[in-house]
Student: 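I'd like to ask you about the structure that follows.
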Amino acid sequence: MINEKLEKAFNVQINKEFYSEYLYLSMQAYFERLNLKGFVNWMSVQVQEERAHAMGMFDYLNQRGGAVALEAIEKPQTDWKSPLDVFENVLKHEEYVTSTINELMDVAEEVKDRAAMSFLNWYLKEQVEEEDNVGNVLATLRLIGDDKKALLMLDKDLAARTFVAPVIE
Ligand code: OFO
């Protein structure tokens, strides 16, 4: 049976992962309005990843005899100034999520739940990847500046991203 404090901390993080899904879905809608289909695709993959992150913790908590308690999901922002503004926000958000997973890891460490620590290691590694992916798109957007042609080229590149269901272990 999982420790009660850790169970609560997992539920907080599950909510954050669902919020991430919701935020990226809102960003996807923004890119639909701009008709940037590659960006739409990139966000839709991100949305699916966040759902997988949330469900990974959802399943784990159940497996450990804990109780999943879903909370209301905060309303996400719905408009941004530009694609650059979106990706600056994505990076900020991912850095925040990294910090909250670290906090969850701190609780697992505090209650000496080594199995949970080992499970959460996957999430910490995933965050390194997430920040790197977002950072790469952001760096390109900074280079692009106001060049519309270059933006459309990046849009084409982002159309190639595909969702591969992560194996969380
Ligand atoms: Fe779940 O990694 Fe992004 O938020």
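First listed ligand is number 1; within each ligand, the first listed atom is number 1.
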Student: Is E71 atom CD crowded by more than 12 heavy atoms from other residues, nucleotides or ligands, each under 6.0 Å away?
Tutor: no
Student: Say you draw a straight line from CZ of R51 to CG of L25; how long is it, rounded to the nearest 0.5 Å?
Tutor: 10.0 Å
Student: Might you work through the ring pair (Phe, Tyr, Trp, His ring centres under 6.0 Å) test for F87 and W42, ending with a clear yes or no?
Tutor: CA-CA 11 Å; F87 274 85; W42 195 96; 5.0 Å; yes
Student: Under the salt bridge (charged side-chain N to carboxylate O under 4.0 Å, His left out) criterion, do E109 and R114 qualify, and how do the steps go?
Tutor: CA-CA 7 Å; E109 207 168 352; R114 293 194 171 74; over 6 Å; no
Student: Under 3.5 Å between some N or O of ligand 1 and some N or O of Y24?
Tutor: no
Student: Check H53 and report its N/O/S atom nearest to atom 1 (Fe) of ligand 1, by atom name.
Tutor: ND1
Student: Suppose I only count heavy atoms of V97 and a 4.0 Å limit; which atoms of ligand 1 are within that range?
Tutor: 4 (O)
Student: Hey, is atom 1 (Fe) of ligand 1 within less than 2.8 Å of some N/O/S atom on E94?
Tutor: no
Student: Roughly how far, to the nearest 0.5 Å, is the CZ atom of F39 from the CD atom of Q46?
Tutor: 13.5 Å
Student: Closer than 4.0 Å to some heavy atom of Q127 - which atoms of ligand 1 meet that?
Tutor: 1 (Fe), 2 (O)
Student: Which of the atoms in ligand 1, numbered in the order shown and given with their element, are less than 4.0 Å from a heavy-atom of E50?
Tutor: 1 (Fe), 2 (O), 3 (Fe), 4 (O)
Student: Taking the side chain from E7 and the backbone from A67, do they hold a donor-acceptor pair closer than 3.5 Å?
Tutor: yes
Student: Does E49 bring an N, O or S atom to within less than 2.8 Å of atom 3 (Fe) of ligand 1?
Tutor: no
Student: Counting backbone and side-chain atoms alike, does E17 have an N/O/S atom under 2.8 Å from atom 1 (Fe) of ligand 1?
Tutor: yes
Student: Could you tell me whether D132 atom CG has more than 12 heavy atoms of other residues or ligands within 6.0 Å of it?
Tutor: yes
Student: As a test of understanding, state which of L104, D113, N102, V107 forms a side chain to side chain contact (heavy atoms under 4.5 Å, CB included) with L120.
Tutor: L104
Student: Just distances here: any N/O of Q46 and N/O of ligand 1 closer than 3.5 Å?
Tutor: no
Student: What atoms of ligand 1 come within less than 4.0 Å of a heavy atom belonging to S20?
Tutor: 4 (O)
Student: Going by the order shown, which atoms of ligand 1 are within less than 4.0 Å of some heavy atom of E130?
Tutor: 2 (O), 3 (Fe)
